[in-house]
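Here's the structure, in structure tokens; my notes come after.
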Amino acid sequence: MENLISLWQSTGLYNFTIGQVFMMLVGFLLLYLAIKKGFEPLLLLPIGFGAILSNIPVAGIAEEGGLLYYLYFGIKLGLFPLLIFMGVGAMTDFGPMLANPKTLLLGAAAQVGIFAALLGALALNIVPGLEFSLKEAAAIGIIGGADGPTAIYVASKLAPDLLGAIAVAAYSYMALVPLIQPPIMRALTTEAERKIEMQQLRHVSKTEKIIFPLALLTLSILLLPSATPLVGAFAFGNLMNTSGVVDRLSQTAQNELINIVTIFLGLSVGSKLSAEAFLQVKTLGILSLGAVAFAIGTASGVMMAKLMNRFSDTPINPLIGAAGVSAVPMSARVANKVGLESNPHNFLLMHAMGPNVAGVIGSAVAAGVLLSLIK
Amino acid sequence: MENLISLWQSTGLYNFTIGQVFMMLVGFLLLYLAIKKGFEPLLLLPIGFGAILSNIPVAGIAEEGGLLYYLYFGIKLGLFPLLIFMGVGAMTDFGPMLANPKTLLLGAAAQVGIFAALLGALALNIVPGLEFSLKEAAAIGIIGGADGPTAIYVASKLAPDLLGAIAVAAYSYMALVPLIQPPIMRALTTEAERKIEMQQLRHVSKTEKIIFPLALLTLSILLLPSATPLVGAFAFGNLMNTSGVVDRLSQTAQNELINIVTIFLGLSVGSKLSAEAFLQVKTLGILSLGAVAFAIGTASGVMMAKLMNRFSDTPINPLIGAAGVSAVPMSARVANKVGLESNPHNFLLMHAMGPNVAGVIGSAVAAGVLLSLIK
Amino acid sequence: MENLISLWQSTGLYNFTIGQVFMMLVGFLLLYLAIKKGFEPLLLLPIGFGAILSNIPVAGIAEEGGLLYYLYFGIKLGLFPLLIFMGVGAMTDFGPMLANPKTLLLGAAAQVGIFAALLGALALNIVPGLEFSLKEAAAIGIIGGADGPTAIYVASKLAPDLLGAIAVAAYSYMALVPLIQPPIMRALTTEAERKIEMQQLRHVSKTEKIIFPLALLTLSILLLPSATPLVGAFAFGNLMNTSGVVDRLSQTAQNELINIVTIFLGLSVGSKLSAEAFLQVKTLGILSLGAVAFAIGTASGVMMAKLMNRFSDTPINPLIGAAGVSAVPMSARVANKVGLESNPHNFLLMHAMGPNVAGVIGSAVAAGVLLSLIK
Amino acid sequence: MAELMSSGLELTFAGMGIVFLFLTMLVYAINMMSGLIQRYLPEEPATSISIPVAPKNTATDKSYIAAITAAVHQYRSTH
Amino acid sequence: MAELMSSGLELTFAGMGIVFLFLTMLVYAINMMSGLIQRYLPEEPATSISIPVAPKNTATDKSYIAAITAAVHQYRSTH
Amino acid sequence: MAELMSSGLELTFAGMGIVFLFLTMLVYAINMMSGLIQRYLPEEPATSISIPVAPKNTATDKSYIAAITAAVHQYRSTH
Ligand code: NA
Ligand code: NA
Ligand code: NA
């Protein structure tokens, strides 16, 4: 009898708080989006599952002694995002960007979204009850970088309490890129601009691809050492791939290692979706600002392309500017798709891959500035 | 000369204790069983090797500074068994169980073995010199769950000192299932019962397979949160597989990740086979009780199937009840084999897979009860 | 404005020390050697990159909070070299050695290089400003073992400050084996000796290959427990492979696991290439002594083969003695190549694989002696 | 000892009770779930399923490979 | 609040400034690099490249496999 | 210095002694092992070996795959 009462008092039904129930529903929603809607499933499925597990009463899976508590150290110490960045680096082909380097500027322009969201977060301090510090605003802004590992890395350093909401916002909007970007792209360009065909890209030699990650790292060392953890991991992964002499390491970095870390990272991020941390007005602010950041980033990229078109002798289709937000490779695909609507023979995919990977570099640089200037 | 003496004093020959020698022989015996007899080699080979390494005098491989000391943290913190459970979840097909859900009750009945062994351990306190606390008895009982990761998880929480003996017993008896079960199955059934043919299983849709792990987890959250670390890891692995949207993660969980963890887990378990911990009368008790647990679990499953046959409109071959102990997939194969002896056209394998995977759930639930009620 | 000054003061350009610049150049040199010259790229590429990353000012990638700081624990605790040794063990075929066991003595003789370098290091204490303790001298000597993981394991225990230089020297000279060894081999042998054809190797049964790693481990336990971490990891990997019952574990140990650890090990070793540790006269001493060790080891192996030829009834080509230094499989290839120059029908490769893998055992034994006698 | 045994028996009854309760409820849950799914989310007969095996619009870091492979392929085929 | 906004604006100008500065310098660096490479390290036209894909003289622990495989093959073929 | 050198020399003699002792004993051990195996556990000539490559009765968690694959295959083939 005592046992039965003790058992009843140890059930979830007895111990639930309303916040936990709500956060589990958020977890299930993420699973639904990942599985049924195909939203970034590689991250949102583990994140959603982690959210459910960490909100189970009594079990303490995200507390000391529990699985997610220990896995979270991989984020806390900054290991997981950097290892993912290394794997992504090994998967990335800088060829299209090297063939047309001026598209790097599109990747720069799109980072305006980061700082727009940062300023927006600070402006929201007007709203009574909402309070964002500079650190928090910066961590929110980085959602606009449209790059998961960068957002998680910066948030883990500047605002670990907001990590869950920021990661969810970043990956959700990356999944929503095909819905968010096209209307903005169409609104800011004329039919004639969207029809612009671009010159075929030149061939890029293996040597250039080997030297590039080293040049990128060197520049980052000279100008912005605070960005070198991110840039360095990325360049290391890329060099393993392009050098061609350590294929077995490159393959492992791109496959098993990144897969293992992705599982652990997703579950750990989910463990930060606790009721106390997530069920706050702040979260609504973060979600809104994230959307603003993506929209402004997209617009800035497109406008920059239009500006460059005035001064460039070779034509640039402004649609590829939208790919500057990163969200690799989705936003490049979106540029390609919107371009095909206006001109069915105009394949922009390869041209958009340049600004797309430039956007990754751009947001790593912006992250470096934020990490360096905000104490 | 001094050096020579010092060298001689650092040899194994000089430093051996009789207990260490004996435990090394146990290690070699496990290697023999794994390699020559094919007993659960994936676990018993690393466990046996770990036993040898950890009993080497002077070297201190299982002490602070040594490899096995650090690997053991993966068990101590509960990471390894849960990661293995995740991989096993990703490998498991719940289809046959979903096609015939009432076979779940067979997986419930077979857990009687767990509690029989628990009571047996307590009863052994009569024997002078044998003393089992409630925690230890529970950890011993879980051997009857016939599921390696569950046994190791529970033992690491309730009775870490007995971990080595419990893990060895669990895996040894799992390997011995083809010897232990058939006589019991034959003794408890008539030839007519063993000839019973079962209805063909209906097709199970992909959607059902996706929803099931979530339903299982939800029920566990509501009723028995203390089982959610195990059930959650299992359900997560299963969902990665059935959802079909994160194939690369599911493949890694089923292959490289589970392989790496299996190597580390086996070696770490072996490191608990020290002379002090293993060379006790308790160990004989554990080995006997484990055999009892398997036998009683098998019998309970068969008897439950016979009971259900009285009330069910569709026939159940009682042999598949024996598969309820888990020991996946060996006990399902045993049911199939014994069935074929009586009726060469009667393939029970798929029918036995239902109770077989139900047995995994059943022992995870029993583990949850034990972890929750025993403080 | 303040921000700009603050940014400028956070650039690499502002913060560089000359030592850091120099060590980065060393890092780039290692990358050049790895990529362009094909020098041991699997290790020298990550080591070179780690050297660059850890010398970036401000970023602190090798300090607490940085990626390389945490990865280095894998070396500090001795995990990485042992896991690599396990993988190498799984890759190694002892067949040729078992077919002609007396070639083991060649692997013994070549270890003279280790002790020659050790004595050399102590002798260098005459040079004012150079001071090598006994521990440091032993760690330097182990370069002559021509085996990366053994050198790193010993250095991490005896002289962690010299780890970077020792690892770089060990891998560089292993890459240089095709340049270092042939002149010595030619100088010490006559044309007639180099023409010697060896008897075809007998077939070695699977059972012998299974028993051997256990026999090796047993001998090491009895005589030299201090070598059992290395020998045990190696034997465990080898047994996983030869037993044939845990193929999935063996494959993972040889591929994904060793690849992941190689990436982490290389980067962590690179993190020990800091200006303070590396830019010392000691480093020049280490580099010179490493070359001496390789040369003397090669010579000893060849001379031992010549000596054995006097007493042996079956002929031994003295060139295979050079393979006793290990540097698997490069030095065996070198023996084969030099042999073919004198006798184009004389394939020594398989005959040289015996002393080659014996050299791995020999240096593990030497490592055990050093770890055991030096406190 | 007697106390220990009575704890053990209590544990056994509670334990087997929960195990049967849990798995019985799971039987009902499965039957309900399967019924609902077969009624409201039936698999389309001949062709494929309602839940896309290949996600339609993933933009994950890790689909880099696929996209870049495709892109590079197209790019190379023009050189 | 006002102070916070002014910090934010400063950060924005510094940040976008650095981002553009960095990527502009990268454009120049790439152009310079590509120019130098195309002049001094041109890819050989039809045949392969100046940097060996397969390293010529690696002696790594991990090339064990290749060598031993080859060796074993040769050895077995004689038995 | 002189003391250090003498320690070093001692270490050298002990070290090379042990290395030769160890490997010599290993030679004998191998010869004995091979002799015993060739006498008492000879490989069966044409067919395969006495130690099964595929374990006969493993029941490991990880053989899930094989069994389930087989089972599913059989199950599907009836649908
Ligand atoms: Na970006
Ligand atoms: Na069970
Ligand atoms: Na050696």
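Quick note on labels: first sequence line is chain A, next is B, and so on, each numbered from 1.
Contacts of A:Phe28 with chain B are made by side-chain atoms alone, with heavy-atom separations under 4.5 Å and no backbone atom involved. Contacts between A:Leu31 and chain B at a heavy-atom distance below 4.5 Å involve the side chain alone, from C-beta outward. Proximity to chain B is absent for every atom of A:Tyr69, based on heavy atoms less than 4.5 angstrom apart. With a threshold of 4.5 angstrom between heavy atoms, A:Ile61 approaches chain B through side-chain atoms but not through N, CA, C or O. Using a 4.5 Å cut-off between heavy atoms, A:Leu53 touches chain B through its side chain atoms alone. Only the side chain of B:Leu83 comes within contact range of chain A, judged by heavy atoms closer than 4.5 Å. Interface residue A:Phe264: only side-chain heavy atoms are found under 4.5 Å from chain B. Proximity to chain A is absent for every atom of B:Lys76, based on heavy atoms less than 4.5 angstrom apart. Residue contact with chain A, scored on non-hydrogen atoms closer than 4.5 Å, involves the backbone and the side chain of B:Ala235 alike.
One finds the OG1 atom of B:Thr207 at 6.5 Å from the NZ atom of A:Lys36 (value rounded to the nearest 0.5 Å). How far CD1 of B:Ile260 is from CD1 of A:Ile260: 4.5 Å, rounded to the nearest 0.5 Å. From A:Leu13, atom CG reaches atom CG of B:Leu222 across 5.0 Å, with rounding to the nearest 0.5 Å. The OG1 atom of B:Thr218 sits 7.0 Å away from atom CD1 of A:Ile52, with the distance rounded to the nearest 0.5 Å. Note that CD1 of A:Ile35 and CD1 of B:Ile211 are 8.0 Å apart. Values are rounded to the nearest 0.5 Å.
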For this session: Evaluate the criterion side chain to side chain contact (heavy atoms under 4.5 Å, CB included) for residue pair A:Val58 and B:Thr228; output intermediate values, then yes/no.
Result: CA-CA 10 Å; A:Val58 184; B:Thr228 51; over 6 Å; no
Problem set entry | Candidate pair A:Thr11 and B:Leu224, rule side chain to side chain contact (heavy atoms under 4.5 Å, CB included), full reasoning | CA-CA 5 Å; A:Thr11 61; B:Leu224 198 60; over 6 Å; no
Problem set entry | Derivation and outcome, side chain to side chain contact (heavy atoms under 4.5 Å, CB included), residues B:Leu223 and A:Trp8 | CA-CA 8 Å; B:Leu223 290 191; A:Trp8 164 244; over 6 Å; no
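Top candidate by heavy-atom pairs under 4.5 Å with chain B, chosen from A:Gly266, A:Ala59, A:Gly60, A:Gly65, is A:Ala59. Contact tally against chain A (heavy-atom pairs below 4.5 Å) for B:Leu82, B:Val369, B:Leu371, B:Thr252: the top residue is B:Thr252. With chain A as the partner, the residue from B:Leu257, B:Leu239, B:Leu77 showing the most heavy-atom pairs under 4.5 Å is B:Leu77.
In this structure the side chain of A:Asn15 never reaches within 4.5 angstrom of the side chain of B:Pro225, judged on heavy atoms. The shortest distance between side-chain heavy atoms of A:Ile263 and B:Met86 falls below 4.5 Å. Between A:Met24 and B:Ile221, the closest side-chain pair of non-hydrogen atoms falls below 4.5 Å.
Formation of a donor-acceptor pair under 3.5 Å by the A:Asn259 side chain with backbone atoms of B:Arg248 is found in this model.
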